[in-house]
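Basis for what follows: all heavy atoms, side chains included, without hydrogens, waters or symmetry-related copies.
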Amino acid sequence: MLRRRALAACTATVAVGVLAPAGLTGSASADPSPRLPTSTAAGTGQLSPGLLKAMRRDLGLTAAEARGRIGRESRAAAVAAGLQRSLGGDFAGALVSGDDAALTVATTDATDAARIGKAGARPVAVEHSLAELDTVKAALDRVALGRAPKGIPAWYVDVATNRVVVQAARASAADAFLAAADVPRDMVTVSRSSEKPRTFADLRGGDAYYMNGSGRCSIGFPVKRGSSQSGFVSAGHCGTPGVSTSGYNQQAQGSFQGSTFPGRDYSWVATSTNWTPRALVNGYGNGDVTVTGSTEALEGSSVCRSGSTTGWHCGTVQQRNTSVTYQEGTVSGVTRTDVCAEPGDSGGSFISGGQAQGVTSGGSGNCSQGGTTYFQPVNPALQAYGLTLVISGTPTDPPTDPTDPPTEPPGSTWAAGSLYNAGDRVTYGGVMYRCLQAHSAIVGWEPPNVPALSERG
C-alpha cells in the first residue's frame, strides 16, 4: 500500500483546492517571472494555414487567437517544467485551462504556494503527489500487461481531480481490476464508460506507406539514427520487424527495425537513401507544418492531428500517461485527447504548434459525432530506439534563404536577456546545448535547468 501525505497548513476538504495562505490569493498576488514573448514562443509566427484553419473549425479560434494560445501554452510548459524540478517530490502535476492558457500547478506542501505564485502559476493543494498517483497506475499497468482487463477501456492519472481514473463498462469489472492490482481505493475514481477503443490501422494519416502489400499506415515523424540512417516513427500495430514497406508512390522504401505492441504502440522504419526525411507534417493542401521540437504539451493544451482519412482535426490534451485496452491487448503510456479520428488515420502525427507530440494509436467514436483518440508520445519512441527527431534546421531540411538575418550566433555563450530561437546552439558550463523552442532567457532558465527549452547536443 502507498503512503499518504497529510497536508499541514491546508484546510481544504475537496480533492483539489486553491491555496490561500496569508498574503496570497492566487497568481495575481505575486510578481510573475518574466514571460516569453508571445509572438516568438514556439515559432507561432510560422504556423501552417492548415493547422490554423483546423483550430478555427474545432476550437473556434481566429488565427491570431490560435497563435496567442499556442504561445502561452508553450511558456506554461516551460514554467511547469522548472517548477517540477524545483518542487521535487511535492509536485502533483500541472495543467492549463482556457484560451489564455492559465497555468495551475498542484503541490502536496502548502508552503510551496509562494514559489508557485511567483512563477506566475495558480497554486492548488492536493493530497497525493504525482509520483504517488503514477505508482498506483503502474500497479494497474502491471496487472494489465499480464492479461488485458475485460470491460476496462482505459485508465489514467487525472491531475485535475488528483486521482487515478479507471473507466469501466461495469462496476464488477473495475472491482476485479483494482483488487488484482491491490491499490488504495481512495486514490481511484471509477468512471462508467461504454467506449470500445480500437486501432486505426486500415488507411493512414500523414504521408501514406504500405506494409508488404498487406495494409497501409501513415508516417508519424521523420527521424535519424546516427549520422546517416534515415527513417520514421509510426504506430507499433502497423508492422513487425522485418516487414518491408513502400511509400505513397508505391516505390520501395525500407523495413521495420523495431516495433512494440501491445504494451506500447510505437515502431520505427529505416528507409533507403532514396528517401529524404523532412521536418514537415502533411498539411493536406493548406501548407505543411514545420516540426521545431518535441516538448510535451501540458494537459489542457491544444493539439492537432493530421490523418489521411479525415485530414486535420484539433482538440485538447485530456490526460497523459493513460492506459487503454484494445482487442489486441493493453497499451500504456499513451495520451488521451478529445480529437476525433477514424480508421485510416492510424500512425498519423499529433502536433501542438510546431512541437511533435506523438503518433495516432487508436480510440473510439468518429469525426461526425466526435470521439476520443489516444496517441503514443513520440519522445519514448525516440528513446527506445536511439533515434533523433528531424526538426527545422537539421541538414536534411531545405536550406534557408542566405539573405535571412542571422539570429544568435551558433556556439555563443548562454546569457540571460538574450533571445534564442528553436535550433540555436549555445554553450553553458562548457557544454553545448540546442534550443528547443523560442524564448527570452532569464535567470533560472539556464539550459541544464529547463529541459523543455534546451537539450544537450
**Message:** I'd like to check Val291 versus Leu280 (side-chain heavy atoms, cut-off strictly below 4.5 Å). Are they in contact?
**Reply:** no
Return a table of donor-acceptor pairs under 3.5 angstrom between the side chains of residues 56-65 and protein atoms on other chains or two or more places apart.
unit_1: Arg57; atom_1: NH1; unit_2: Trp312; atom_2: O; d: 3.4
unit_1: Arg57; atom_1: NH2; unit_2: Trp312; atom_2: O; d: 2.2
unit_1: Arg57; atom_1: NH2; unit_2: His313; atom_2: ND1; d: 3.1
unit_1: Asp58; atom_1: OD2; unit_2: Cys314; atom_2: N; d: 2.6
unit_1: Thr62; atom_1: OG1; unit_2: Glu65; atom_2: N; d: 3.1
unit_1: Thr62; atom_1: OG1; unit_2: Glu65; atom_2: OE1; d: 3.4
unit_1: Glu65; atom_1: OE1; unit_2: Thr62; atom_2: N; d: 2.9

**Asked** Do Val233 and Leu387 come close enough that some side-chain heavy atom pair is under 4.5 Å?
**Response** yes
Any side-chain heavy-atom pair of Val269 and Met211 under 4.5 Å: no
When rounded to the nearest 0.5 Å, the distance separating CD of Glu73 from CG of Leu103 is 11.0 Å
On a heavy-atom basis, the closest approach of Leu389 and Ser294 is CD2-CB, 3.8 Å
Side-chain (Gln355) to main-chain (Ser352) donor-acceptor, under 3.5 angstrom
no
Note to self: When you measure from the side chain of Thr292 to the backbone of Gly354, do you find a donor-acceptor pair of N or O atoms at a distance under 3.5 Å?
What the structure shows: yes
Side-chain H-bond candidate by donor/acceptor type, Thr161 with Asp158, under 3.5 Å: yes
When rounded to the nearest 0.5 Å, the distance separating CD of Gln318 from OG1 of Thr373 is 10.5 Å
The residue among Lys137, Arg336, Gln167 that forms side-chain hydrogen bond (donor to acceptor under 3.5 Å, both in side chains) with Ser323 is Lys137
For this session: Please answer whether the main-chain N or O of Val334 pairs with a side-chain N or O of Asn321 as donor and acceptor at a distance below 3.5 Å.
Result: no
* Any side-chain heavy atom of Tyr209 sitting closer than 4.5 Å to one from Cys238? -> yes
Q) Is a donor on one side and an acceptor on the other found under 3.5 Å between the side chain of Gln376 and the backbone of Ser361? A) no
Separation between OG (Ser302) and CE (Met55), nearest 0.5 Å, reads 3.5 Å
With a 3.5 Å cut-off and no angle check, do the side chains of Thr330 and Arg147 form a donor-acceptor pair?
no
Closest non-hydrogen atoms of Glu195 and Ser193, given as atom of the first, atom of the second and distance, are N-OG, 3.2 Å
_If we ignore hydrogens and angles and just use 3.5 Å, is the side chain of Thr325 paired with the main-chain N or O of Ile152 as donor and acceptor?_
yes
dist Leu87:CG -> Leu130:CG (nearest 0.5 Å) comes out at 11.5 Å
### Task
Measure the acute angle between the ring planes of Tyr326 and Tyr374, then classify it against the limits of 30° and 60° as parallel, tilted or perpendicular.
perpendicular
**Report entry** Heavy atoms of other groups near Gln229 CD, more than 12 under 6.0 Å
**Finding:** yes
Requested in this report: Would you check if Pro277 and Lys224 make a side-chain contact, meaning some heavy-atom pair closer than 4.5 Å?
Outcome: yes
Nearest heavy-atom contact between Gly220 and Val359 is CA-CG1, 3.5 Å
Under 3.5 Å, is there a donor on one side chain and an acceptor on the other for Asp345 and Thr360? no
query = Considering only heavy atoms from C-beta outward, does the side chain of Val317 approach that of Leu95 to under 4.5 Å?
reply = no
Between the CG atom in Asp141 and the CG atom in Leu145, the distance rounded to the nearest 0.5 Å is 6.0 Å
Min side-chain heavy-atom separation Thr337-Thr372 under 4.5 Å: no
Gln253 side chain to Thr245 side chain, donor-acceptor N/O pair below 3.5 angstrom | yes
Taken in chain and number order and not counting sequence neighbours, the residues that satisfy ring pair (Phe, Tyr, Trp, His ring centres under 6.0 Å) with Phe177 are Trp155
Is a donor on one side and an acceptor on the other found under 3.5 Å between the side chain of Asp338 and the backbone of Gly371? no
- Between Ser301 and Glu299, is any side-chain donor less than 3.5 angstrom from a side-chain acceptor? no
Report task. State, with a plain yes or no, whether a side-chain heavy atom of Glu328 is found less than 4.5 Å away from one of Phe261. Result -> yes
Separation between CG (Leu298) and OG1 (Thr316), nearest 0.5 Å, reads 12.5 Å
Note: Glu296 and Asn379 closest approach over all heavy atoms is CG-ND2, 4.1 Å
Original post:
Do Asp99 and Arg69 meet the salt-bridge criterion of a basic N to acidic O distance under 4.0 Å?
Top reply: yes
Q | Any side-chain donor near an acceptor of the partner, Asn282 and Ser306, under 3.5 Å | A | no
### Query
Hey, what's the ring geometry for Tyr385 with Tyr266, parallel, tilted or perpendicular (30° and 60° as the breaks)?
perpendicular
Side chain of Arg225, backbone of Gly231: donor and acceptor closer than 3.5 Å? no
Looking only at heavy atoms, the pair that brings Gly236 and Ser259 closest together is O-OG, 2.8 Å
Would you say Gln369's side chain and Cys367's backbone share a donor-acceptor pair under 3.5 angstrom?
no
For Ser86 and Gln84, does a side-chain donor sit closer than 3.5 Å to a side-chain acceptor? no
Using a distance-only test with no angle check, is there a side-chain donor-acceptor pair under 3.5 angstrom linking Glu342 and Asn366? no
**Asked** Distance-only, no hydrogens or angles: does the Asn162 side chain make a donor-acceptor pair with backbone N or O of His128 under 3.5 Å?
**Response** yes
Given Gln357 and Thr335, is the side chain to side chain contact (heavy atoms under 4.5 Å, CB included) satisfied, shown in steps?
CA-CA 9 Å; Gln357 298 299 308; Thr335 297; over 6 Å; no
When you measure from the side chain of Gln257 to the backbone of Ala270, do you find a donor-acceptor pair of N or O atoms at a distance under 3.5 Å?
no
When every non-hydrogen atom of Val136 is compared with those of Pro184, the smallest separation belongs to CG2-CD, 4.2 Å
